[in-house]
Structures are given as C-alpha cells and as structure tokens.
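Following: one structure in structure tokens, then a few remarks.
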Amino acid sequence: MKLNERSLAFYATCDAPVDNAGFLYKKGGRHAAYHRRWFVLRGNMLFYFEDAASREPVGVIILEGCTVELVEAAEEFAFAVRFAGARARTYVLAAESQAAMEGWVKALSRASFDYLRLVVRELEQQLAAVRAGGCPLPPRRPRALPPKENGCAVWSAEPPAGARPGPAPPPLPPRRRASAPNGPLHAASFARLHEWYGQEVRALRSQWLRSRAQP
Amino acid sequence: MAAVVLPGGRRCGTFLARGRPAVRRARLALRVLGPGGAMRYNEKELQALSRQPAELAAELGMRGPKKGSVLKRRLVKLVVNFLFYFRTDEAEPVGALLLEHCRVTQEEPSGFSISFIEDPERKYHFECRSEEQCQEWMGALRRASYEFMRRSLIFYRNEIQKMTGKDPLEQFGISEEARFQLGGLKA
C-alpha cells in the first residue's frame, strides 16, 4: 500500500507540542530483544526514533483500533499495544519507571481519533444545550414604533386580544457545525466570534418579531 | 545497452533500456528498500482501518502528484484521518493519505486537490461528478484531521467554560491532559 510517508515524517517532527514523549523499550519480535527507542505520540500516531535527536522516525504505530494493556513480561513496567484480527501484531513496550508506564498507558488508550471525535460530539451537544437554555437576550426598544394594522404596537407587553396564549419562543438558530468551512474555528478572537453569532441571533429575533406581529 | 538484473534474478536488456530510464531506476531503488519505503508502519492495521465504516466514500477521478499522471477511476474512502483509495474492483487499497497538515483546494468547477504543508506543489487531484459532491468532500476532508478535532475540542471547552463556569472535560477525567490546553495551540 502506498502511503504519504514524507507527510507522516513531517507530522512526526513538526514544531508543535507533542502529546507524549519519552524513551521506551520496544520488543523487536516474538523472540527478539528489546531496543531502546525515543517515542513520540502525536494524535493517533506513535512514532519511534533511533534517539531523541534523530530527524526521521524509524517507524510509526498507527494506533486506531488498538487496546492498551499491562502485560506479564520479564521486563519491568511492560505494557502492550494490541490490535484485533487473526494475524495482528502485538507491540510490547516497556517504560523506565512505574509513573512513565502509567502515563503512557493512559495517553495511548485515549489517543484514537474515534475517542476524540466522541468527546467533541459530546461537547458540541452540551454547548448547543447551554445556548438553547441560556439567558434570553434582553428586548431592545427601537426608537420609532410603527403602528400595526390592528393598532397594537410591536413592543406591547400585552398580547393582542384573540392572540395565541403566551408568546412562542424564538426559533433556535440552525445548529451550526463549528466544523463548517469558513466557520468560527479559524483562530478568531472571542470578541469576533461573539459578534458573528450575535448578528445571526439579532437577525432571527427581528424575523421572529415580524412574524409574531402578523395577524 | 547493458543488461540489468531485476530483483528475483531476472534479466532484462532491451526492454528496460527503452522508455524512461530515470523512472525505472527509481522504481528499482524503492523495491530494494522494501514495499514500505524507509519508514516502517503497521500495514496490516492500516488495511484493517480501510475496511472500517467510512465518513464518506465515492467513486472519483484521481490523478497522482507526479508529472504526467493520468486520471483514473478510484473508490475513495475517508476513514478517521486517512483517505484510502482503491481500484474499483479490489478489496485492498492501492494507497492511503494521512490527512494531517494538508490543504484542500478547489480546482476547476467540480474538482479539488490535496497538498501537504511540507511540499505544497505536490498535489493529488480529484474529480467529482458535481459541484455539490465536490463541496461535500472538501468540507469533510478539512474536518478530517486530528489537529482539527483537537482545536474543536479546545474551542467547545472554552465556550462551555465561559457560559457555565465549569470545565466540561472534568467528567471525562481528561481536563489535565496537555494536549487539550489552550496554551498548547499554535496557529
């Protein structure tokens, strides 16, 4: 299978904070010796280098779909990265301390794209819920109030006689995916984001007010 | 016209000498290094990943980055942060593209290209059957990187924290992880 290895190598060595890094012993094969390698976790990729100063990774373990478990091994502080499937390989790794081992097991077991996507979706829903149930905007009073056909002003506190009991709440803004192209996630400041969302809310509100005033 | 020994001991004279010698030489060199090139990776797991449910899958026209590449029909499948491409009648992918630090650009009316930050001129071209399909793919590919997910998470976390005063990551037990801190972000 072809793979864009140059891009992988770039992802391994680019100038951005890593998710975890440190020396681990990696077992070469079932009956092979352990080799000490410099490991770098970034995203769902576990890269390993000859040493910490190497510029190109020796290899990478793509972590999607793996499980991480402690193992009984001759080596201390050992753990395994296991994949499902008939001839799937198990990577046995060993850390240099109990704390390092625990750190790696935690980091690797949460490294998958799937896991991250689950958390993001959960937060997306939470944010939508908070926004929907959040404080309503205080009504603004425009300077000039054009009289309505039935004689009721737009901003009248009393609903017009014969109107539906209770005001209907304004429609929720369409659920915006933060992931939309040209969406808000392009390193915008909070003030800009607030303004951007605010515009939509103002537009929807005036739309709602106009529709509510129809006989 | 020298005879050349191919891997496996086969000899090939005239045939090899004709055509584009530089390309042939490069191909042989790659075979000597091994099918995975210089960096080792767990190919079986990548193949297994290619069989997982896709975010998006379609038959598209695809043209590789090399000069003189021909457009081919490929089944293109987006799974997590990988784009797999298959010959339309085969179960194993021809190749995979890791989608980190990539740029997706619109090309002509209903096509797009993917290039990578370390070599922006090297483009993988794709042709869709409609503008709509093209937009759908471009949107999905831009959202398909781990780095994009990470930024989304940090954004939502911040927003929720501002509105509720609570850190939503605490319930997952991951609020202390370095990878989700605002300070860790770079442009």
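Distance check: B:L153 CG to A:E124 CD gives 11.0 Å after rounding to the nearest 0.5 Å. B:S145 OG to A:Y11 OH: the interatomic distance, rounded to the nearest 0.5 Å, is 7.5 Å. In this structure, B:E45 CD and A:Y91 OH are separated by 5.5 Å, a value rounded to the nearest 0.5 Å. Interatomic distance, CZ of B:R122 versus CG of A:N4, reported as 8.5 Å (0.5 Å rounding). Rounding to the nearest 0.5 Å places CD of B:Q52 at 9.0 Å from CD of A:E64. Annotation: the span from B:F116 atom CZ to A:L8 atom CG amounts to 9.5 Å, rounded to 0.5 Å.
More than 12 heavy atoms of other residues, nucleotides or ligands shown are found within 6.0 angstrom of CZ on A:R36. In the displayed structure, B:R73 atom CZ is contacted under 6.0 Å by more than 12 heavy atoms of other residues, nucleotides or ligands. Crowding of B:E132 atom CD: a count of heavy atoms from other residues, nucleotides or ligands under 6.0 Å not exceeding 12. Open room surrounds CD on A:E76; 12 or fewer heavy atoms of other groups in view lie less than 6.0 Å from it. More than 12 heavy atoms of other residues, nucleotides or ligands shown are found within 6.0 angstrom of CD on B:E90.
Between A:I62 and B:L98 the shortest side-chain heavy-atom distance does not fall below 4.5 Å. At least one side-chain heavy atom of A:L3 sits under 4.5 Å from a side-chain heavy atom of B:F82. For the pair B:V94/A:K2, a side-chain contact is recorded, criterion being any heavy-atom separation below 4.5 Å from C-beta on. A heavy-atom distance below 4.5 Å is found between the side chains of B:F180 and A:L116. A 4.5 Å side-chain heavy-atom check between B:M39 and A:V58 finds every atom pair outside the cut-off. Within the 4.5 Å cutoff, the side chain of A:C14 has heavy atoms near those of the B:H101 side chain.
Among B:P65, B:A48, B:P168, the residue with the largest count of heavy-atom pairs under 4.5 Å with chain A is B:P168. Most heavy-atom pairs under 4.5 Å with chain A, from the set B:Q47, B:K44, B:E118: that is B:E118. Heavy-atom pairs under 4.5 Å with chain A were tallied for B:V104, B:I174, B:D119; the largest tally goes to B:I174. Ranked by non-hydrogen atom pairs under 4.5 Å with chain A, the options B:L46, B:V79, B:V80 are led by B:V80. Of the residues considered (A:R110, A:M45, A:E122, A:R117), A:R110 shows the highest number of contacts with chain B, using heavy-atom pairs under 4.5 Å. Contact tally against chain B (heavy-atom pairs below 4.5 Å) for A:F47, A:Y48, A:Y115: the top residue is A:Y115.
Of the atoms belonging to B:L49, it is side-chain heavy atoms, and not backbone ones, that fall under 4.5 Å from chain A. Contact of B:Q161 with chain A is not made at all, since no heavy-atom distance falls under 4.5 Å. Using a 4.5 Å cut-off between heavy atoms, B:S50 does not touch chain A at all. If you measure heavy-atom distances from A:E56 to chain B, you find no contacts under 4.5 Å at all. In this structure, no portion of B:A140 lies under 4.5 Å from any heavy atom of chain A. Contact of B:A96 with chain A is made through backbone and side chain together, with heavy-atom distances under 4.5 Å. The contact between A:R89 and chain B is made entirely by backbone atoms, counting heavy-atom distances below 4.5 Å.
Scanning both residues, A:L123 and B:I160, for their nearest heavy atoms gives O-CD1, 3.5 Å. Closest approach of B:E43 to A:M1, counting heavy atoms only: OE2-N, 2.8 Å. Here the shortest heavy-atom pairing between A:V130 and B:T164 reads CG2-CG2, 3.7 Å.
In this model, no donor atom of one side chain and acceptor atom of the other lie less than 3.5 Å apart for B:E159 and A:Q126. Under 3.5 Å, the side chains of A:S7 and B:E100 contain no donor-acceptor pair of N or O atoms.
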Stepwise side-chain contact (heavy atoms from CB on, under 4.5 Å) test for A:L127 and B:R157: CA-CA 9 Å; A:L127 184 59; B:R157 179 194 195 183; over 6 Å; no

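Between A:K106 and B:E177 there is no salt bridge, since none of the side-chain N atoms of the basic residue sits less than 4.0 Å from a carboxylate O of the acidic one. With respect to the salt-bridge test (charged N to carboxylate O, under 4.0 angstrom), the residues A:R42 and B:E147 do not qualify.
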